[in-house]
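Chain identifiers are assigned alphabetically (A, B, ...) following the order of the sequence lines, protein sequences preceding nucleic acid strands; residue numbering begins at 1 within each chain. Remember, predicted model here, so these are calculated numbers, not experimental data.
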Amino acid sequence: MATEQSVDLVDDDTVGWFTKAVLLAALTAALAQISIPLPGALPPFSLQPFGMFFAGLLLGPLWGGVALLLYVLVGIAGAPVFSNANAGLGYVIAGQGTGGFLVGFLVGTVVAGAIAHRRTSPRPVADLSIPVQALALTAAIVVVYAIGVPWMSMVTGLSLTRAAALMAPYVPLDLVKLGVAIAIVQGGYLSGR
Amino acid sequence: MIAVRDLRYQYGAVTVLDGVTLSIPDGQYCLLVGPNGCGKTTLVRHLNALLTPDAGTVTVDGTDVTDDPVVARTQIGMVFQHPRDQFVAATVGADVAFGPENLGLDRDEIDRRVTAALDAVDLDGARERRIDALSGGEQARVAIAGALAMEPDYLVLDEPLVGLDWPARESVLDHLDALAADGTGIIVVTHDLRDLHERADRLVALHEGQVALDVPPAEALDSLPDLGIRDPRC
Amino acid sequence: MIAVRDLRYQYGAVTVLDGVTLSIPDGQYCLLVGPNGCGKTTLVRHLNALLTPDAGTVTVDGTDVTDDPVVARTQIGMVFQHPRDQFVAATVGADVAFGPENLGLDRDEIDRRVTAALDAVDLDGARERRIDALSGGEQARVAIAGALAMEPDYLVLDEPLVGLDWPARESVLDHLDALAADGTGIIVVTHDLRDLHERADRLVALHEGQVALDVPPAEALDSLPDLGIRDPRC
Amino acid sequence: MLSYRPDSTFAHRLDPRSKLLVQFGLAIAAVAHPTLPWLVGTTAFGLGALAAARLSPLAVLRAYRVVLTVLALAPLIAGIAFGPPWFRVDPALRSALYVGRILPVLLVSAAYLTSTPVRDTRAAVQRLIPGKPGQILGIGMALVVRLFPLVLADVREVRDAIHARGGETRPLWDRARLLAVRSLERTLDRSDRLSVALRARCFAWNPTLPPLSFARRDYPVLAIGIALAVSPLATV
Ligand SMILES: Nc1ncnc2c1ncn2[C@@H]1O[C@H](COP(=O)(O)OP(=O)(O)OP(=O)(O)O)[C@@H](O)[C@H]1O
Ligand SMILES: Nc1ncnc2c1ncn2[C@@H]1O[C@H](COP(=O)(O)OP(=O)(O)OP(=O)(O)O)[C@@H](O)[C@H]1O
Ligand SMILES: O=C(O)CCCC[C@@H]1SC[C@@H]2NC(=O)N[C@@H]21
Ligand SMILES: [Mg+2]
Ligand SMILES: [Mg+2]
């Protein structure tokens with residue numbers, strides 16, 4: 001036919017992981033719209049961590065990483081996918097002092113996926129024990145703050161301890177999100193996928 | 001030619017296709033009918049290697065589609081039962097261009113095909129419109145244009161007329177006639193044979209996982225009610 | 001009685017409903033027709049307070065649905081245009097039971113209703129099946145059953161027969177007849193008037209955001225083609 | 001919010017790759033040099049970028065008002081001391097300088113956002129990253145842009161579905177649970193359907209790439225971008 005080169009189809013398995021990554025990126029973007037701006041200089045309360053949790057648990061380090069990378073790239077390209085419908089490379093760097101958290105989500109997903117699956121091709125979520133899930137997601141939260149807080153200090157010139165103090169109240173909230181995420185997995189709502 | 005030989009398929013423990021044999025020569029206009037859940041969608045998905053047979057084979061021009069899906073997917077254009085499931089881009093033009101881009105055609109050729117396909121479904125002006133802001137009928141036509149732009153040898157349409165108003169329905173049917181006249185093979189899945197039974201060359205009815213009827217439409221009409229299909233004349 | 005008074009609605013800058021006035025007495029069987037994108041779905045979503053009017057009012061038995069949506073929603077059963085949009089549970093039985101549970105009925109009554117509703121759409125055996133493992137037409141039937149099980153005073157169905165096979169279509173239509181005979185008010189949105197025009201009491205056609213025709217179906221038939229709607233007799 | 005606006009300014013006519021490089025370069029330069037001269041210089045550059053995209057600085061500041069308010073509070077927080085004299089000027093000034101150097105980064109970003117359609121960035125990614133990763137990320141970006149409004153619409157649709165059958169009579173937490181679970185299921189369903197669609201439509205590793213080409217005007221811009229990006233090395 002009129003094709004000039006042979007068509008090199010993406011194999012069906014890859015397409016399956018790819019579309020899951022795409023949807024989790026879209027889900028993270030949608031969850032960012034539910035971020036609640038807090039008064040004063042406080043970063044927004046945000047549901048984005050759920051995107052990171054599910055991407056890590058469902059997709060593993062490779063495709064989970066692709067999901068969050070897509071999320072960040074689409075934001076850089078101008079889609080209003082960050083907290084409060086923000087976008088742009090400038091926002092990824094600065095944010096509301098929160099740019100580092102966006103990068104933290106990406107690295108956190110890779111870490112969570114690596115701990116949960118211990119290989120690049122993910123296992124079924126149903127095969128992951130609760131302690132492994134909890135460990136993986138806790139590590140993801142640690143990574144998010146380990147990148148987000150120093151970054152915040154870099155951007156705002158606040159001392160590290162002051163930035164940490166500002167963010168500390170969010171930690172218990174993020175742990176609640178972690179619990180909800182595991183409950184959703186245990187409820188079987190993600191299995192069979 | 002598309003040849004389906006002794007095709008079997010089950011979802012879990014439920015057998016849906018239980019030995020379907022069928023061959024569709026180039027350029028034929030064929031209707032596929034049968035009650036809800038009889039396996040029409042399941043069958044047409046095999047033609048495009050979207051499902052893998054449990055037993056039996058599907059070949060397109062001699063190539064087994066499971067071994068080498070490229071031939072099937074480049075030569076058979078598929079319009080899904082739910083058009084909304086089939087879009088991969090945000091705007092009409094980008095979506096219709098998606099198939100040709102993946103064929104690796106050059107930009108001018110892609111442009112020519114997109115223009116021709118949108119023209120064919122009366123959506124010339126809609127290239128920059130967002131798909132999600134279109135009405136149901138317009139979406140159905142974009143889905144058809146996406147398949148046309150591949151310039152496939154065969155076009156498989158799974159209930160393409162559902163939800164279309166009368167003028168839109170007529171326009172799609174006329175376009176299919178034109179394609180058939182140009183030698184494109186057409187397979188239409190439908191519950192509503194009105195207008196179609198006079199246009200098609202052949203009617204295939206599925207029943208209990210097998211081909212229960214395979215004749216020119218005119219000969220089928222009297223036996224349709226026994227298969228749970230409405231006679232379009234009344 | 002459902003009363004729509006001077007209803008106006010626009011999506012962004014596009015006016016879809018431009019002063020619709022309509023009242024539907026208890027127990028009436030009413031058809032709502034018009035071409036793709038004329039605002040049928042938009043109108044019926046107002047009856048259930050799923051959209052809030054820009055101007056005008058919708059009342060059900062005297063209560064404004066915007067002020068008190070729960071009354072409207074428990075008295076008006078709704079079947080969405082896209083069945084997949086309407087499911088809230090994973091299995092057929094759980095989904096059909098969802099409405100009755102919200103009415104605070106006891107388990108036996110819920111059970112009776114689920115059974116009766118699934119019976120009406122010929123899906124008795126499918127109670128435990130996963131909805132996303134059903135064919136398109138089977139899903140459409142579950143959506144209908146979900147509304148039937150509410151046993152509401154009014155039933156609003158947005159293109160409910162699309163994708164149904166003939167026996168299922170007949171069965172649903174017969175069930176609607178029985179409900180109408182028992183005093184349920186019925187509103188059916190459709191592009192295909194076959195079988196319906198003899199059953200309904202009234203036909204309302206929308207055109208350019210207003211009611212263009214509001215007469216018994218028999219009197220409407222000759223003027224339908226001018227409104228872009230197919231005459232069911234031919 | 002800042003989003004693409006069709007126009008034909010200098011910024012609009014640049015290749016997205018040049019614009020991306022300048023954006024990165026300026027960000028690196030600004031962050032690496034928290035000094036007053038660099039702050040003045042990069043801010044002037046940022047204003048130049050706005051002019052090239054024919055954007056009013058005031059409108060841009062307004063678009064960033066939430067972000068800027070939050071950032072502007074940082075010097076106050078930095079200055080607060082827990083004991084006399086209660087406010088210390090030095091850390092506050094340091095913080096002000098740090099926050100100030102972010103402003104030009106935001107300005108250049110605003111110029112990029114309004115002059116570059118999302119699909120151009122996608123095309124740039126597909127060309128800058130070779131092979132399969134570039135293809136996956138490029139197509140992936142297009143798909144995410146299409147799907148994220150649909151995921152939001154799904155949530156609304158599920159809410160409507162719950163309401164339409166009298167779900168308001170349920171306890172709030174139960175409704176919230178249903179909404180979350182069902183929305184998530186729909187999202188995963190969508191991914192299954194999307195993968196079927198991509199397969200049916202010949203999703204391939206070697207497609208025709210979106211058209212992009214450097215023009216003469218791009219070369220000085222590229223040079224500036226590279227110079228900015230390596231400026232930290234030069235100063236050391
Ligand atoms: N993903 C699935 N998992 C399990 N069973 C399925 C799945 N998809 C379809 N089925 C079942 O397989 C049978 C055939 O489905 P199919 O969609 O092919 O029917 P169809 O002939 O297209 O029906 P319709 O006219 O309703 O579109 C049905 O009984 C359906 O319930
Ligand atoms: N969410 C939306 N945003 C913007 N426009 C919309 C939206 N929903 C519908 N429309 C537009 O409003 C108009 C009326 O839509 P509606 O769905 O009510 O039409 P309809 O009469 O039900 O058509 P159909 O027969 O295709 O179902 C259409 O032109 C449609 O494009
Ligand atoms: O600006 C953004 O888009 C990122 C916002 C990050 C908010 C952080 S994530 C960790 C912590 N938990 C929250 O709920 N909010 C902050
Ligand atoms: Mg089907
Ligand atoms: Mg409609």
Side-chain angles (χ1 to χ4, degrees), chain B residues 41 44-52 65 69-111 113-114 128 130-133 143 146-147 149-152 156 158, chain D residues 3-7 117-123 125-127 131-132 134-157 185-213:
Chain B
T41 298
V44 297
R45 289 194 161 204
H46 276 93
L47 304 185
N48 225 339
L50 299 175
L51 291 173
T52 310
V65 301
V70 177
V71 174
R73 290 189 188 154
T74 51
Q75 294 190 15
I76 303 183
M78 182 83 169
V79 178
F80 289 11
Q81 182 161 9
H82 301 280
R84 291 195 300 185
D85 290 351
Q86 143 171 11
F87 301 126
V88 295
T91 61
V92 172
D95 191 76
V96 176
F98 183 82
E101 278 169 6
N102 282 293
L103 296 180
L105 302 173
D106 66 47
R107 273 286 141 199
D108 292 342
E109 172 67 6
I110 293 173
D111 235 54
R113 289 192 178 195
V114 172
E128 295 304 321
R130 288 185 52 79
I131 290 181
D132 300 314
M150 306 278 294
E151 299 194 351
V156 178
D158 197 349
Chain D
S3 58
Y4 176 68
R5 257 189 258 142
D7 202 337
V118 172
R119 64 168 173 269
D120 275 15
T121 310
R122 177 213 140 180
V125 165
Q126 235 164 337
R127 281 166 187 268
K132 295 183 176 183
Q135 165 69 349
I136 283 283
L137 293 174
I139 300 287
M141 287 172 69
L143 291 171
V144 174
V145 169
R146 162 160 166 76
L147 286 169
F148 109 85
L150 294 187
V151 170
L152 280 176
D154 275 352
V155 177
R156 281 193 294 275
E157 200 65 63
E185 273 181 350
R186 284 184 62 134
T187 301
L188 295 172
D189 280 353
R190 265 194 198 283
S191 90
D192 293 346
R193 294 203 291 269
L194 180 63
S195 77
V196 176
L198 285 173
R199 285 156 59 199
R201 301 187 65 188
C202 283
F203 180 36
W205 288 120
N206 54 346
T208 311
L209 294 180
L212 275 189
S213 63

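Taking CG from B/Asn102 and OG1 from D/Thr208, the interatomic distance works out to 8.0 Å, rounded to the nearest 0.5 Å.
The contact between B/Asn48 and chain D is made entirely by side chain atoms (from C-beta outward), counting heavy-atom distances below 4.5 Å. Looking at D/Leu150, only its side chain comes within 4.5 Å of chain B, counting heavy atoms on both sides. Residue contact with chain D, scored on non-hydrogen atoms closer than 4.5 Å, is absent for B/Ala94.
Under the side-chain hydrogen bond (donor to acceptor under 3.5 Å, both in side chains) criterion, the residue pairs touching residues 139-155 of chain D are B/Asp132-D/Arg146, D/Asp154-D/Arg186, D/Asp154-D/Arg190, with sequence neighbours excluded.
Dense packing is recorded around CZ of B/Arg107, with more than 12 heavy atoms of other residues, nucleotides or ligands lying under 6.0 Å away.
For the pair B/Val88 and D/Leu143, the minimum side-chain heavy-atom distance is below 4.5 Å.
Counting all heavy atoms, side chain and backbone alike, D/Leu194 lies closest to B/Phe87 at CD1-O, 4.3 Å.
Residues from residues 196-205 of chain D that place a non-hydrogen atom less than 4.5 Å from a non-hydrogen atom of chain B comprise D/Val196, D/Ala197, D/Leu198, D/Arg199, D/Ala200, D/Arg201, D/Cys202, D/Phe203, D/Ala204, given in numerical order.
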